[in-house]
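Since the structure is predicted, the reported quantities are computational estimates derived from the model, not experimental observations. Throughout, a chain's letter reflects where its sequence line sits, starting with A, and its residues are numbered from 1.
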Amino acid sequence: MHIDVNSAYLSWESVYRLQHGSTLDLREIPSVVGGDPVSRHGIVLAKSIPAKKYKIKTGESIFSALQKCPSLVIVPPRYDLYLQCSNSLIQLLEEYSPAIQRYSVDECFLDYTNMECHFGSPLSAAHAIKERIKTELGFTVNIGISSNKLLAKMASDFEKPDKIHTLYPHEIGEKMWPLPVEDLFMVGRATAPKLRRLGIYTIGELAKANPKFLYQHLKSHGILVWNFANGIENSSVTKEKSAPVKGIGNSTTISFDVTDRRTAHLILLSLVETVAMRLRNEECCAKLISIYIKTNDFRHYSHQRKIETATDCTNHIFKYACKLFDEAWKGEPIRHLGVRVSELCSNQFAQLSLFDASDTQKQKAVDKSIDALRLRYGSRVVFRASFLHSRLKPITGGVMEEDYPIMSSIL
DNA sequence: TCTGGGGTCCTAGGACCC
DNA sequence: TCTGGGGTCCTAGGACCC
């Protein structure tokens, strides 16, 4: 089964408001969850079904959404709330199977294999699950049922909201093949036009195409989407622990254009604070550091380097990030900056360098103390003096629990 | 006051090795 | 008298997902 929360961010915000005395259900009016255009975060993250009727699309600017519907209600995102709602959902689903895979904050897979003896047929179990989520948690989901994850996911994307669909292999021809090719998982805005240029408009036409022909034009991705169009996919429902994290990144659009190195470095520091904290929380060190620059005309480039000794120290990662930035930046006004670490390894053992007059032990001790303080008293309890009077946030990213009251009762 | 942020995977091309 | 072929590793960039 693939379980997909309908308009997740918007539903969750709406449920929260109803539980806290609001009489207005955001799901019943044209509304969106969106960022603040003043700080240049103005895009639609989720929309209500009435908003969808105005042809408002996820990812479009708030500016253009307001042109389509001037009375649109816009609410800010609250990621800590979404995480709590997501956790409540997982907790409920775990009553029905030990094998749950969280695909994202609002989607997961549930392996129902060998569970019929406990909860009946997949269809009746799905109905029970869907109704319990609605009555106990207050939001609706779509559930897709099939014999593999790809087909279950395709099925949950059929008619919404609050619906259950099956897409077993014998139903592919009837339910999936008539759909436009861009509805297929992994056919995005670059692949769809390529396929159409090849005369392939529906998933069925893709399924019947010659895979060698697809390989010639789309390389391995052509084979992947041909398999998907034929319902061929055999990955297992894996618990989160068996899928270790490959990299950790943090990036931000700055509310003004950055034109000087010093400010850019400060923003990199505020990003690295979060990246390094999360890296240590995963008990990992990183061997590859990269930075990403988006200029005010929306062009972007990146620069990365593999480092000699894997590290998890805030100051070390910051130092590399600044060096990479200085090497890469061509001087254009900067809209957005990002830092990412990857090629992770365990932090339990470290290769020491003969030549590095290393302060690593001291850095680790400082990081450990600061992490403990922030965990206990909140992330803004200690911050760098270089941010004083800078009007920049000393820490960027992460879910700041203390900004919001803990969600009550039902969830 | 137009256009976010978190990921994973793949490919091309160059450096370098034998 | 003229430049092969096999491999690995690294970096940049782009595709896809939510």
Side-chain angles (χ1 to χ4, degrees), chain A residues 2 4-5 7-9 32-46 57-68 74 76-77 79 82-83 86 101-109 149-150 153-154 156-157 182-195 215 218-225 228 235 240 243-257 271 274-275 278 282 287-308 324 327-328 335-344 396-399:
Chain A
H2 179 254
D4 189 333
V5 179
S7 318
Y9 290 4
V32 298
V33 174
D36 177 14
V38 175
S39 59
R40 310 205 290 191
H41 288 67
I43 68 153
V44 173
L45 298 160
K57 300 210 163 59
T58 302
E60 81 174 301
S61 65
I62 294 289
F63 176 83
S64 113
L66 276 169
Q67 285 186 323
K68 293 176 182 175
I74 302 162
Y79 297 101
Y82 310 151
L83 207 52
S86 179
Q101 178 177 5
R102 194 192 302 231
Y103 185 72
S104 72
V105 74
D106 67 333
E107 278 182 39
C108 53
F109 293 99
K149 283 159 68 177
L150 180 268
K153 182 159 168 54
M154 290 302 296
S156 71
D157 212 28
E182 63 268 25
D183 284 7
L184 184 64
F185 181 67
M186 292 302 279
V187 176
R189 58 164 181 215
T191 306
K194 284 183 199 165
L195 289 171
Y215 185 84
L218 301 163
K219 296 291 160 67
S220 62
H221 196 67
I223 304 301
L224 179 86
V225 294
F228 284 2
S235 68
E240 281 163 35
V245 60
K246 301 273 175 66
I248 295 171
N250 188 9
S251 65
T252 190
T253 294
I254 306 130
S255 57
F256 55 93
D257 283 343
L271 292 164
T274 307
V275 167
R278 288 171 55 202
E282 293 287 332
K287 279 204 273 289
L288 184 69
I289 319 275
S290 28
I291 62 103
Y292 175 94
I293 297 170
K294 180 150 71 182
T295 58
N296 68 345
D297 56 358
F298 284 86
R299 286 180 306 150
H300 55 88
Y301 49 93
S302 63
H303 192 36
Q304 65 179 55
R305 181 166 296 138
K306 200 167 177 180
I307 59 175
E308 323 73 62
L324 289 164
E327 288 169 5
R335 180 185 177 89
H336 174 112
L337 279 171
V339 177
R340 170 161 207 87
V341 297
S342 49
E343 297 203 11
L344 307 185
T396 299
V399 173

Between T252(A), T253(A), D257(A), N296(A), which is the residue that forms a side-chain hydrogen bond (donor to acceptor under 3.5 Å, both in side chains) with R40(A)?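 With R40(A) as partner, side-chain hydrogen bond (donor to acceptor under 3.5 Å, both in side chains) holds for just one option, D257(A).
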For F228(A), run the side chain to side chain contact (heavy atoms under 4.5 Å, CB included) check against M186(A), M154(A), K153(A) and tell me which one passes.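 Answer after filtering M186(A), M154(A), K153(A): M186(A).
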Contact check, side chains of V339(A) and N250(A), non-hydrogen atoms, under 4.5 Å: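 No, side chains not in contact.
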Does any non-hydrogen side-chain atom of I307(A) lie less than 4.5 Å from one of I289(A)?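 Of all side-chain heavy-atom pairs linking I307(A) with I289(A), at least one is under 4.5 Å.
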Look at N250(A) and dG5(B) and indicate whether a side-chain polar atom (N or O) is within less than 4.0 Å of OP1 or OP2.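 False: N250(A) side-chain N/O out of range (4.0 Å or more) of dG5(B) OP1/OP2.
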Check whether any side-chain N or O of H336(A) sits under 4.0 Å from OP1 or OP2 of dG4(B), and answer yes or no.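 Indeed not, no polar side-chain atom of H336(A) lies that close.
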Rounded to whole angstroms, how far apart are [atom1] on [X] and [atom2] on [N]?
X	N	atom1	atom2	value
L45(A)	dT3(B)	CG	C1'	12 Å
F298(A)	dC2(B)	CZ	C1'	7 Å
I248(A)	dG6(B)	CD1	C1'	11 Å
D257(A)	dC2(B)	CG	C1'	13 Å
L83(A)	dG6(B)	CG	C1'	13 Å
R40(A)	dG5(B)	CZ	C1'	15 Å
Y82(A)	dG5(B)	OH	P	15 Å
I254(A)	dT1(B)	CD1	C1'	17 Å

For [X] versus [Y], what's the shortest heavy-atom pair and its separation?
X	Y	result
L150(A)	F185(A)	CD2-CB, 3.8 Å
V44(A)	A65(A)	CG2-CB, 4.0 Å
G188(A)	P193(A)	O-CD, 4.3 Å
V245(A)	L344(A)	O-CD1, 3.7 Å
G338(A)	S251(A)	CA-CB, 3.5 Å
A46(A)	Y9(A)	CB-CB, 3.8 Å

Nucleotide-level pairing of DNA chain C, given in dot-bracket where Watson-Crick and G-U pairs need both distances under 3.5 Å and | marks other strands: ....||||||||||||||
At under 4.0 Å between heavy atoms, what does [X] touch on the DNA or RNA strands: base, sugar-phosphate, or nothing?
X	answer
G247(A)	sugar-phosphate
D36(A)	nothing
T252(A)	sugar-phosphate

When you measure from the side chain of R340(A), which nucleotide among dT3(B), dT8(B), dG4(B) comes out closest?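 Among dT3(B), dT8(B), dG4(B), the one nearest the side chain of R340(A) is dT8(B).
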Could you work out the separation of dG4(B) and dC17(C) based on their C1' atoms and round it to a whole Å?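 About 15 Å, rounded to a whole number of Å.
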Sub-4.0 Å heavy-atom contacts from residues 57-64 of chain A onto DNA chain B, ordered by number: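 By residue number: S61(A), F63(A).
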When rounded to the nearest 0.5 angstrom, what is the spacing between OH in Y292(A) and CG in L324(A)?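 Going from OH on Y292(A) over to CG on L324(A), the span is 15.5 Å.
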5' priority, DNA chain B, between P37(A) and L271(A) [closest heavy atom]: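 Nearest nucleotide further toward 5': that of P37(A).
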Which is more 5' along DNA chain B, the nucleotide nearest K246(A) or the one nearest T253(A)? Just name the residue.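 Residue closer to the 5' terminus by nearest nucleotide: T253(A).
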Within the sub-3.5 Å range, which N or O atoms of nucleotides 11-18 of chain C have a protein N or O partner, and how far apart are they?
from, atom 1, to, atom 2, distance (Å)
dT11(C), OP1, K306(A), N, 3.1
dT11(C), OP2, K306(A), N, 3.4
dA12(C), OP1, H303(A), ND1, 2.5
dA12(C), OP2, Q304(A), N, 2.6
dA12(C), OP2, Q304(A), O, 3.4
dG13(C), OP2, S302(A), N, 3.4
dC16(C), OP1, G188(A), N, 3.2
dC16(C), OP1, G188(A), O, 3.3
dC16(C), OP1, A190(A), N, 3.0
dC16(C), OP1, T191(A), N, 2.5
dC16(C), OP1, T191(A), OG1, 2.7
dC16(C), OP2, A190(A), N, 3.0
dC17(C), OP1, M186(A), N, 3.1
dC18(C), OP1, K153(A), NZ, 2.8
dC18(C), O3', S104(A), OG, 3.0
dC18(C), O3', D106(A), OD1, 2.8
dC18(C), O3', E107(A), OE2, 3.0

Assess the pair H336(A) and F298(A): is the distance between their ring centroids shorter than 6.0 Å?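 Judged by ring-centre distance (under 6.0 Å), H336(A) and F298(A) do not meet the cut-off.
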